[in-house]
Number of protein chains: 2
Amino acid sequence: MQHYERVEKVRLLVVDDDPPIADLVATVARYEGWEAVTAYTGEDALRRAAEFHPDIVVLDLMLPGVDGFGVLDRLRAFGTMVPVVFLTARDGVADRVAGLTRGGDDYLVKPFAVEELMARLRTVLRRCAGPAFQRSVLRVGDLTMDEDTREVRRGARLLSLTPTEYEVLRYLMRKSPTVLTKAQILDHVWEYGFGGRSNVVELVVSRLRRKLDETDEGGSPLIHTVRGFGYVLRQAAE
Amino acid sequence: MQHYERVEKVRLLVVDDDPPIADLVATVARYEGWEAVTAYTGEDALRRAAEFHPDIVVLDLMLPGVDGFGVLDRLRAFGTMVPVVFLTARDGVADRVAGLTRGGDDYLVKPFAVEELMARLRTVLRRCAGPAFQRSVLRVGDLTMDEDTREVRRGARLLSLTPTEYEVLRYLMRKSPTVLTKAQILDHVWEYGFGGRSNVVELVVSRLRRKLDETDEGGSPLIHTVRGFGYVLRQAAE
DNA sequence: AGTCCGGCGACAGCTTCCCGACAGCTCCCC
DNA sequence: GGGGAGCTGTCGGGAAGCTGTCGCCGGACT
């Protein structure tokens with residue numbers, strides 16, 4: 001189920017001047033079994049980094065006082081090579097390029113979906129950890145998902161998924177064989193702040209099912225409905 | 001809150017401006033062997049949190065004065081990363097809650113069933129405890145219930161239960177081998193304020209029995225009637 | 001033997017889920 | 001910058017499954 005086995009917990013520092021966002025990320029990370037610490041200002045971020053020694057940093061670019069780049073520069077000035085993932089506002093296209101050229105390892109545009117952030121963090125960690133990047137391939141039954149190439153296969157058949165379908169499926173695969181509620185799926189895969197209290201999840205699942213199972217001779221369905229509760233991805237439950 | 005096999009009692013803070021509700025939750029928690037403290041206002045909640053250091057918080061969002069969100073913000077501002085389970089009214093705020101629950105914190109809509117609340121609290125605690133992958137499996141005789149996959153088995157045979165049946169069975173299993181009255185079952189599994197002064201419990205038990213025992217050659221029945229009192233779940237009755 | 005309590009078949013109303021159809025949007029290509 | 005293609009979410013009808021009520025029956029206790 002996990003992509004890389006480290007015995008110690010990943011240590012994450014989250015820097016965002018918007019406490020709810022920072023806490024959101026920290027909470028998610030904790031539920032993944034990581035250790036997470038938050039900072040709401042650039043100064044605080046540097047202090048925390050010094051004492052906490054994070055393995056990875058999530059860094060908002062728009063901070064009051066010392067801004068994101070400043071924080072990064074000073075981190076580097078200390079000789080810390082800790083990987084950094086930037087958060088930026090929607091329209092700051094300039095920020096993106098600048099961010100990457102100035103030593104960030106990845107970036108994400110706000111508002112983001114928590115699963116996507118976690119996925120990127122795992123990718124960055126994976127890249128930094130091993131010399132040759134070990135592929136991360138999720139597998140449930142005869143279904144495989146290669147997170148590097150984004151190839152998804154049912155047996156040998158290559159599936160073509162839309163971005164949303166891909167994300168939902170990844171979440172289902174990562175949590176398999178746990179049953180997930182629609183609310184959980186919505187909360188993890190859609191951007192925070194998404195209003196739609198609708199049946200989007202049902203719909204995407206429906207579309208996913210069709211693609212997963214559209215085989216000529218029936219492979220048994222992989223996505224199961226748990227009525228009154230949610231969905232699971234797993235192989236035939238006898 | 002570090003390890004799940006904690007010797008110390010779980011410390012729970014319940015915040016609800018409706019004293020009967022808060023006390024109800026606190027009482028049930030104490031009955032489970034937890035330490036529970038109640039607060040009826042936001043200010044009080046912050047005070048109690050500061051001195052009591054809870055492991056988990058149940059927080060009603062509609063509070064007079066400082067509301068639920070305010071309480072949460074200030075808790076977080078202190079650096080407390082204590083997990084929170086929110087309570088909200090049926091309509092209205094539910095949307096805004098969504099944003100807060102993404103992390104893995106959870107929420108419940110009023111009126112809720114006490115057992116469901118306790119189940120979610122246990123889940124959240126379990127997930128915080130560490131590498132988030134430890135399963136919670138209940139077992140009574142040859143009957144097992146996996147709370148993550150929601151799989152229930154009698155021996156090897158997989159049972160398919162409706163949500164209500166599942167909840168009743170879980171309660172019976174958790175309390176086994178204690179005898180429970182119909183009133184207890186009703187009070188714990190159905191929403192507080194449920195009107196039906198009827199024989200629902202009998203009915204669900206009846207349906208459960210059929211599913212549990214429908215084996216070809218008789219596995220001995222697991223649910224036993226204690227006439228004039230209630231029901232027990234246990235292996236051999238004498 | 002009478003009375004009471006629990007078991008359970010049958011049914012009706014309701015909730016939940018699935019999915020076809022469609023419209024707004026974005027992104028890309030010309 | 002106009003047109004097209006694909007993606008995403010809304011609406012709503014229809015089907016399936018779940019829940020609780022009624023009421024009779026049978027067994028248990030007095």
Side-chain angles (χ1 to χ4, degrees), chain A residues 90-91 93 109 111-113 116 150 152 159-169 171-172 179-187 189-191 193-214 221-233, chain B residues 90-91 95 98 109 111 113 116 150 152 159-169 172 179-187 189-191 193-214 221-233 237:
Chain A
R90 170 65 66 191
D91 44 6
V93 186
V109 172
F112 51 87
E116 188 171 359
R150 287 182 78 94
V152 180
L159 308 184
S160 132
L161 303 182
T162 70
T164 310
E165 289 163 3
Y166 180 87
E167 292 294 330
V168 171
L169 183 59
Y171 187 47
L172 284 169
V179 181
L180 301 169
T181 66
K182 281 184 262 189
Q184 283 177 307
I185 299 175
L186 198 64
D187 286 350
V189 173
W190 271 260
E191 301 170 349
F194 177 74
R197 287 257 123 257
S198 58
N199 57 352
V200 242
V201 177
E202 283 175 19
L203 186 53
V204 173
V205 166
S206 152
R207 284 168 179 161
L208 260 178
R209 271 208 257 244
R210 198 177 315 159
K211 290 185 179 177
L212 293 187
D213 299 335
E214 75 182 358
L222 285 179
I223 303 182
H224 307 276
T225 302
V226 180
R227 198 151 225 283
F229 195 85
Y231 299 101
V232 213
L233 183 76
Chain B
R90 170 69 59 190
D91 44 9
D95 300 349
V109 172
E116 191 172 356
R150 286 180 79 94
V152 180
L159 310 183
S160 136
L161 303 182
T162 70
T164 310
E165 289 163 3
Y166 181 89
E167 293 292 331
V168 171
L169 183 59
L172 285 168
V179 181
L180 300 168
T181 67
K182 281 186 259 189
Q184 280 178 308
I185 299 177
L186 200 63
D187 287 346
V189 173
W190 272 261
E191 301 170 349
F194 176 71
R197 292 264 122 257
S198 59
N199 57 351
V200 242
V201 177
E202 285 175 16
L203 185 52
V204 174
V205 167
S206 149
R207 284 167 179 160
L208 261 178
R209 272 210 257 246
R210 195 179 318 158
K211 289 184 179 178
L212 293 188
D213 298 335
E214 75 183 358
L222 285 179
I223 303 183
H224 308 279
T225 302
V226 179
R227 213 180 161 76
F229 194 81
Y231 299 100
V232 212
L233 183 76

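None of the values given here were measured: they were computed from a predicted structure. To find a chain, count down the sequence lines: A is the first, B the second, and so on, and within it residues start at 1.
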Between C:dG7, C:dC8, D:dT8, which nucleotide gets closest to the side-chain atoms of B:Arg210?
C:dC8

Looking across every strand, which nucleic acid part, if any, lies under 4.0 Å from A:Tyr166 by heavy atom: base, sugar-phosphate, or nothing?
nothing

Return the value, rounded to whole Å, for the distance between atom CD of A:Glu191 and atom C1' of C:dC25.
14 Å

Side chain B:Arg207 and base D:dG20 donor-acceptor under 3.5 Å:
yes

Of C:dC8, D:dT8, C:dC17, the nucleotide closest to the side chain of A:Thr164 is D:dT8

Hey, does the side chain of B:Tyr231 come within less than 4.0 Å of C:dC5's phosphate (OP1/OP2), counting only N and O?
no

Is any NZ, NE, NH1 or NH2 atom of the basic residue among B:Glu165 and B:Lys211 found under 4.0 Å from an Asp or Glu carboxylate oxygen of the other?
yes

Shortest side-chain distance from A:Thr225, nucleotide among C:dC18, C:dG6, D:dC18
C:dC18

Shortest side-chain distance from B:Arg227, nucleotide among D:dT10, D:dC29, C:dC17
D:dC29

Whole Å only: how far is the CG atom of A:Asn199 from the C1' atom of D:dG13?
13 Å

Can you tell which of C:dC18, C:dG7, C:dG20 lies closest to the side chain of A:Leu203?
C:dG20

So does A:Ser206 get a side-chain nitrogen or oxygen closer than 4.0 Å to the phosphate oxygens (OP1/OP2) of C:dC19?
yes

Side-chain contact check for B:Glu202: nearest option of C:dC18, D:dC7, C:dC8 is C:dC8

Report yes if a side-chain nitrogen or oxygen of B:Trp190 is closer than 4.0 Å to either non-bridging phosphate oxygen (OP1 or OP2) of D:dG20; otherwise report no.
yes

Atom CG of B:Leu186 to atom C1' of D:dT21: distance rounded to whole Å?
15 Å

Please determine whether side chain to side chain contact (heavy atoms under 4.5 Å, CB included) holds for the pair A:Val179 and A:Tyr231, giving the CA-CA distance in whole Å, both sets of side-chain angles, and the decisive distance to 0.1 Å.
CA-CA 6 Å; A:Val179 181; A:Tyr231 299 101; over 6 Å; no

B:Val204/B:Thr162 under side chain to side chain contact (heavy atoms under 4.5 Å, CB included): CA gap, chis, key distance, verdict
CA-CA 10 Å; B:Val204 174; B:Thr162 70; over 6 Å; no

Please report, rounded to the nearest Å, how far the C1' atom of C:dG6 is from the CZ atom of B:Phe229.
16 Å

Considering just the side-chain nitrogens and oxygens of A:Lys182, establish if one lies under 4.0 Å of OP1 or OP2 belonging to C:dC17.
yes

Between A:Val109 and A:Glu191, is the side chain to side chain contact (heavy atoms under 4.5 Å, CB included) condition met? List the steps.
CA-CA 10 Å; A:Val109 172; A:Glu191 301 170 349; over 6 Å; no

Polar contact flag, side-chain donor to acceptor under 3.5 angstrom, B:Ser160-A:Arg227:
no

Out of C:dC8, C:dG6, D:dG9, whichever nucleotide has its closest atom nearest the side chain of A:Val200
D:dG9

